[in-house]
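All remarks here apply to the structure that follows.
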Amino acid sequence: METQFEYEEEYRDSISTVDEEGKRVWIYPKKPKGAFHKKRVIVTALLLSLLFLGPFLKVGGQPLLLLNFFERKFIILGLPFWPQDFFLLALLLVTLFVFIILFTVAFGRVWCGWACPQTLFMEMVFRKIEYWIEGDANQQRKLNDAPWTREKIFKKISKQTIFLLISLLISHTVMAYLIGVEEVVKVVTQYPTEHLSGFVGLMFFTGIFYWVFAFFREQACVTVCPYGRLQGVLLVKDSIAVMYDWVRGEPRERIKKGITSNEAGACIDCKLCVHVCPTGIDIRNGTQLECVNCTACMDVCDDVMTKVGRPKGLIRYASYNSVKDGISRLFTTRIAGYILVLIALVTFLSYMLVSREEIEVTILKAPGQVYEKLEDGRITNLYNIEFVNKTFNHKSLIIKTVGVNDAETEKIGKSTIQLGPNEKSEGTFIIKIPRKELKGRTMNIEIGLFDQDEKLIDTYQTKFTGPSKFEIL
Ligand code: SF4
Ligand code: SF4
């Protein structure tokens with residue numbers, strides 16, 4: 001096995017969860033305990049409470065977060081967003097992406113260990129239930145190898161039933177973020193045939209979560225998660241990560257009869273850091289793609305160091321450079337650059353949010369229609385119009401052509417547009433302009449949007465087409 005001395009030359013051609021024949025190696029991590037684990041339990045309790053309570057939280061009577069991709073309605077922090085706000089959502093995603101890069105360059109995969117729902121559910125919920133029912137790593141291994149006795153059947157059925165129930169709970173929560181709590185309540189309380197798509201969605205998510213947490217497990221982080229795959233390009237040698245102090249630890253040497261040689265490093269090669277790792281890696285080989293920063297190896301090694309009377313922190317949060325040279329550089333030029341870009345993006349995003357129109361109007365000429373001439377000599381153009389109410393208030397609106405003498409704007413159907421809260425409406429209208437007012441074959445005109453008190457809200461540009469001067473009317 002290579003050591004940290006060959007860190008920079010180290011390459012890896014296999015992952016610890018797949019054997020030489022390409023078969024899955026099932027990981028039985030030892031039960032973690034220690035100071036970091038206790039802190040993670042508290043953070044997990046807070047974050048999971050927030051996750052489960054989230055769909056019930058309201059801002060101004062609206063959900064805190066609703067991502068209804070099916071009806072293309074989105075509510076973020078109580079503000080409604082429509083596909084028409086795609087630019088804002090794209091900007092928000094870019095801002096988040098830069099934030100993630102900045103955070104990762106500075107603090108490595110802290111997100112994975114402390115906040116990612118996959119790790120929290122896997123290590124803090126499902127794994128704990130497994131320890132509770134089947135015992136620690138060795139007992140689980142023995143149980144799996146044992147013949148199917150009554151006790152084994154009971155334990156396995158109990159565990160899988162609880163896993164399934166928790167998966168159901170998670171899928172209901174996810175659906176509540178997608179279609180809203182009220183809709184989920186309807187799906188649950190009424191016949192499946194009345195909400196077939198909602199029911200299928202719930203079953204689908206339950207199946208996925210159950211499969212991921214009962215069987216797929218760490219493979220989600222190691223082989224699927226795009227964030228995990230990005231670590232190779234995001235981490236730099238000044239990034240903080242769970243790091244083995246090879247300067248202090250090597251050469252590793254087992255304690256024989258209570259002593260080690262004079263040349264021995266601090267690592268006593270007990271391999272407990274490997275046995276406790278939920279992704280099955282040896283952190284002493286250096287920072288690896290599989291490490292989700294769960295801190296289990298830090299806790300167990302601190303415990304070992306305490307027992308052998310050596311200072312804690314042989315595995316700790318540190319940067320590669322801080323271990324190698326003893327110098328920590330958190331604020332580097334690269335970090336400063338990312339911070340500046342992030343500030344610029346946040347400022348621009350805030351401005352765009354504050355100046356966002358409450359009513360979005362899209363006016364398009366009706367396809368296939370150029371113009372028509374009325375008996376009184378006026379020229380008419382037909383338009384399609386779409387209104388999106390991006391507020392939670394009812395709106396009564398009127399449209400009129402402005403700035404053209406004797407122009408008449410006739411809405412087909414009701415003349416006043418009634419728009420419900422967070423609602424979209426479409427319609428058609430005709431603009432009639434006297435021939436003498438036309439300035440060329442095509443001219444720019446302005447459509448005004450007024451409220452019910454005839455107060456101008458906004459104006460929109462469009463084109464009006466008439467006959468050319470050569471055309472006989
Ligand atoms: S737990 Fe600590 S002492 Fe034991 S093998 Fe790992 S690094 Fe070495
Ligand atoms: S190497 Fe340590 S921190 Fe990383 S996943 Fe394994 S136990 Fe967790």
Side-chain angles (χ1 to χ4, degrees), residues 1-5 7 10 12 15-17 25 27-37 39-41 43-44 104 107-116 118-120 122-124 127 136-137 217-223 225 227-228 231-232 235 239-256 258-260 264-320 323:
M1 187 181 288
E2 288 175 339
T3 70
Q4 279 288 352
F5 297 112
Y7 180 83
E10 181 192 325
R12 291 165 52 81
I15 55 173
S16 49
T17 50
V25 176
I27 304 285
Y28 295 95
K30 257 182 80 62
K31 200 151 89 181
K33 61 176 180 7
F36 282 101
H37 186 74
K39 285 180 194 142
R40 284 183 67 229
V41 168
V43 174
T44 302
T104 310
F107 302 109
R109 294 178 78 170
V110 171
W111 157 264
C112 299
W114 292 78
C116 173
Q118 163 70 25
T119 315
L120 298 192
M122 186 65 248
E123 303 307 326
M124 295 294 183
R127 193 90 74 185
D136 208 342
R217 301 193 158 193
E218 77 290 335
Q219 296 300 310
C221 308
V222 174
T223 61
C225 175
Y227 181 59
Q231 297 309 306
L235 291 183
S239 306
I240 307 268
V242 173
M243 190 76 61
Y244 165 67
D245 185 341
W246 69 94
V247 175
R248 214 186 102 199
E250 300 294 326
R252 62 192 74 163
E253 193 178 301
R254 284 181 170 271
I255 295 181
K256 288 184 190 125
I259 52 164
T260 50
C267 174
I268 60 162
D269 204 16
C270 64
K271 292 193 172 60
L272 281 175
C273 51
V274 183
H275 298 322
V276 86
C277 178
T279 61
I281 59 169
D282 185 343
I283 191 64
R284 295 173 300 167
N285 287 336
T287 304
Q288 290 152 72
L289 170 77
E290 296 95 321
C291 175
V292 291
N293 274 226
C294 74
T295 70
C297 56
M298 289 163 53
D299 272 334
V300 81
C301 190
D302 277 352
D303 196 32
V304 172
M305 289 295 112
T306 308
K307 282 181 186 150
V308 297
R310 294 175 186 173
K312 289 182 186 179
L314 184 58
I315 304 175
R316 62 179 184 272
Y317 278 125
S319 68
Y320 172 83
V323 172

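Just so you know, these numbers come straight off a predicted model, no measurement behind them. Nothing fancy with the numbering, it's 1 onward along the sequence. We count ligands from 1, going down the list as the structure has it; atoms in each ligand are counted the same way.
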Number the atoms of ligand 2 from 1 as they appear, then name those within less than 4.0 Å of a heavy atom of [X], with their elements.
X: N293; result: 3 (S), 4 (Fe)
X: T295; result: 3 (S), 8 (Fe)
X: I283; result: 1 (S)
X: V292; result: 4 (Fe), 5 (S)
X: C297; result: 1 (S), 2 (Fe), 3 (S), 7 (S)
X: I281; result: 1 (S)

Can you confirm whether [X] sits close enough to [Y] that some side-chain heavy atom of one is under 4.5 Å from a side-chain heavy atom of the other?
X: V242; Y: I315; value: yes
X: C277; Y: I283; value: no
X: K30; Y: D136; value: yes
X: E123; Y: V292; value: no
X: W111; Y: T119; value: no
X: M124; Y: H37; value: yes

Going by the order shown, which atoms of ligand 1 are within less than 4.0 Å of some heavy atom of [X]?
X: C270; result: 1 (S), 3 (S), 4 (Fe), 5 (S)
X: I315; result: 7 (S)
X: R284; result: 5 (S), 7 (S)
X: M305; result: 3 (S)

Quiz item: Looking at atom 8 (Fe) of ligand 1, what's its closest protein heavy atom, distance included?
Solution: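 Atom 8 (Fe) of ligand 1 sits closest to the protein heavy atom C267 SG, 2.3 Å.
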Quiz item: What protein heavy atom sits nearest atom 4 (Fe) of ligand 2, and how far away is it?
Solution: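 Heavy-atom neighbour on the protein nearest atom 4 (Fe) of ligand 2: C291 SG, 2.3 Å.
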What closest approach, in Å, do [X] and [Y] show between heavy atoms, and which atom pair accounts for it?
X: V43; Y: W114; value: CG1-O, 3.6 Å
X: F36; Y: D299; value: N-OD1, 3.0 Å
X: Q288; Y: R109; value: O-NH1, 4.4 Å

Practice problem: Quickly, which of R284, E250, R252 forms a side chain to side chain donor-acceptor pair (under 3.5 Å) with Y244? Name it, please. | Solution: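 Looking at R284, E250, R252, the match for Y244 under the side chain to side chain donor-acceptor pair (under 3.5 Å) is E250.
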Quiz item: Strictly under 2.8 Å, is any N, O or S atom of C301 next to atom 2 (Fe) of ligand 1?
Solution: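 A backbone or side-chain N, O or S atom of C301 is under 2.8 Å from atom 2 (Fe) of ligand 1.
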Quiz item: Is there a heavy atom in K271 that sits closer than 4.0 Å to ligand 1?
Solution: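 In this structure, K271 qualifies as a contact of ligand 1 - some heavy atom is under 4.0 Å.
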Self-check item: Shortest reach to atom 3 (S) of ligand 2 by a heavy atom, considering only C273, P29, C112, C294
Solution: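 Minimum heavy-atom distance to atom 3 (S) of ligand 2 goes to C294.
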Quiz item: Can you tell which of E290, E218, R127 makes a side-chain contact (heavy atoms from CB on, under 4.5 Å) with P278?
Solution: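 Filter result, single survivor: R127.
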Exercise. Flag C277 as yes if one of its N/O/S atoms falls below 2.8 Å of atom 4 (Fe) of ligand 2, otherwise no.
Key: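 Looking at C277, which is the residue asked about, there is no N, O or S atom under 2.8 Å from atom 4 (Fe) of ligand 2.
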Self-check item: Region of D269 engaging ligand 1 - heavy atom pairs below 4.0 Å
Solution: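 The answer is the backbone.
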